[in-house]
Amino acid sequence: DSISQRYWRKRKNLPARPAKVDDKASIAALEANLVHFFTTTEDRGKKCKVEVYRRGTLEYFFAYPEDHPRKPLMWKGPELKPQLETPAFEIIFIFDAGQGSLDIYIDGDRRIVPELQKIFAGIMLDFVLTESEKDERVYVLDELKSPDMPFKFGAESGILRVAVKKL
């Protein structure tokens, strides 16, 4: 709940069916595919753990791939020495089966999100994503050319307010 919205990406055009959250083989496959993806693209993620939680109608998948090792300086008694540690980084998948939407949190390169969406959909939903989601809404703006144009729209239009900056 406290994670910044900056790192979240949403995909809405997934099938509205339950994810395979109780299938241990699917969870293991998700872990293995994340390991394969990160080891081949970023040379990290040699290990991965995925934990699943249900919150209301949402399914949360917390993935913890292994990050690059580092050696911070640590105090060991009276001496300061480098200590090898291998942290994990976090990826959160939130799937809403009712709406067919998938939110993904990853702090880092956003360009990998479509590949993470494909991995999740293929394993947890048995669904192949072939293209990125596109905004299919159509906006007809010709009426704005008229100075007498009334700004009245029905609730179904999705327009909440209109502001004229320059006319």
Side-chain angles (χ1 to χ4, degrees), residues 1-74 82-141 156-161:
D1 292 336
S2 63
I3 295 175
S4 168
Q5 293 298 314
R6 176 181 177 194
Y7 300 107
W8 286 97
R9 296 291 171 259
K10 185 178 207 84
R11 175 101 185 217
K12 298 179 186 175
N13 60 346
L14 294 171
R17 61 175 171 237
K20 299 187 284 184
V21 295
D22 298 323
D23 183 0
K24 290 184 182 186
S26 293
I27 301 299
L30 181 58
E31 291 170 344
N33 277 264
L34 290 173
V35 164
H36 179 264
F37 174 73
F38 283 106
T39 55
T40 57
T41 60
E42 299 183 5
D43 196 31
R44 65 179 180 161
K46 292 177 177 75
K47 299 175 193 164
C48 183
K49 173 74 176 159
V50 174
E51 297 175 350
V52 183
Y53 298 96
R54 179 172 285 134
R55 186 178 195 189
T57 61
L58 304 176
E59 300 291 350
Y60 287 73
F61 297 78
F62 293 89
Y64 301 100
E66 179 182 42
D67 207 347
H68 297 289
R70 52 185 168 219
K71 279 187 168 182
L73 290 175
M74 308 282 250
Q83 179 72 35
L84 180 64
E85 64 181 19
T86 309
F89 62 99
E90 182 176 51
I91 304 168
I92 304 171
F93 300 88
I94 303 176
F95 181 64
D96 184 340
Q99 294 193 10
S101 67
L102 175 65
D103 292 280
I104 295 181
Y105 163 84
I106 185 163
D107 182 356
D109 189 356
R110 296 179 215 175
R111 293 175 291 181
I112 67 170
V113 171
E115 190 60 35
L116 295 175
Q117 292 169 340
K118 288 177 186 177
I119 290 169
F120 182 89
I123 295 166
M124 302 311 296
L125 302 172
D126 290 325
F127 182 74
V128 177
L129 290 177
T130 56
E131 60 186 62
S132 64
E133 181 180 22
K134 295 177 183 167
D135 187 352
E136 301 293 338
R137 296 176 291 182
V138 176
Y139 300 96
V140 179
L141 303 176
E156 71 282 350
S157 71
I159 298 172
L160 301 176
R161 66 177 189 265

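The model shown is predicted, which means the values in this text are computed figures rather than measured ones. By convention here, the first residue in the shown sequence is residue 1.
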For Leu73 versus Pro82, what's the shortest heavy-atom pair and its separation? CD2-N, 3.8 Å
Counting only heavy atoms not in His36, do more than 12 sit closer than 6.0 Å to its NE2 atom? no
Who are the ring-ring contact (aromatic ring centres under 6.0 Å, His included) partners of Phe89, not counting sequence neighbours? Phe38
Go through the structure and list residues passing side-chain contact (heavy atoms from CB on, under 4.5 Å) with Pro18, not counting sequence neighbours. none
Heavy-atom check, side chain of Lys46 versus side chain of Thr86, under 4.5 Å: no
From Leu34 atom CG to Tyr64 atom OH, the distance as rounded to the nearest 0.5 Å: 13.0 Å
Can you list everything that forms a side-chain contact (heavy atoms from CB on, under 4.5 Å) with Thr41? Sequence neighbours excluded, please. Phe37
Not counting sequence neighbours, which residues clear side-chain contact (heavy atoms from CB on, under 4.5 Å) with Asp107? List them please. Tyr7, Tyr105
Of all the heavy-atom pairs spanning Leu125 and Ala19, show the shortest one and how long it is. CD2-CA, 3.8 Å
In short, Ala63 meets Cys48 closest at the heavy-atom pair CB-SG, 4.4 Å
Which residue pairs satisfy the salt bridge (Lys or Arg N to Asp or Glu O under 4.0 Å) criterion with at least one member in residues 15-31, sequence neighbours excluded? Lys20-Asp126
Over all heavy atoms of both residues, which pair between Ile123 and Ser26 is shortest? Give the atoms and the distance, please. CG2-O, 3.3 Å
Non-neighbouring partners of Arg44 that pass salt bridge (Lys or Arg N to Asp or Glu O under 4.0 Å), sequence neighbours left out: Glu42, Asp67
Pair listing, salt bridge (Lys or Arg N to Asp or Glu O under 4.0 Å) test, anchored in residues 82-104, at least two apart: Lys10-Asp103, Arg70-Glu85
Show the nearest heavy-atom pair for residues Phe93 and Leu102, with the distance to one decimal. CB-CD1, 4.1 Å
Does any part of the side chain of Phe95, heavy atoms only, come nearer than 4.5 Å to the side chain of Val21, both counted from C-beta? no
Hits for side chain to side chain donor-acceptor pair (under 3.5 Å) against Arg54, two or more places apart or cross-chain, chain-then-number order -> Glu59
In chain order, what residues pass the salt bridge (Lys or Arg N to Asp or Glu O under 4.0 Å) check against Glu115, with sequence neighbours excluded? none
Is there a side-chain contact between Phe61 and Ile27 in this structure, where contact means two heavy atoms from C-beta onward sitting under 4.5 Å apart? yes
Side-chain heavy atoms of Leu14 within contact of Leu129, under 4.5 Å: yes
Salt bridge (Lys or Arg N to Asp or Glu O under 4.0 Å) with Arg111: which residues, sequence neighbours excluded? Asp109
Counterpart residues, salt bridge (Lys or Arg N to Asp or Glu O under 4.0 Å), relative to Lys49 (two or more places apart): none
Sub-6.0 Å ring centroid separation between Phe62 and Tyr53: yes
State which residues pass side-chain contact (heavy atoms from CB on, under 4.5 Å) with Val113; sequence neighbours excluded, sorted by chain then number. Arg9, Ile104, Ile106, Gln117
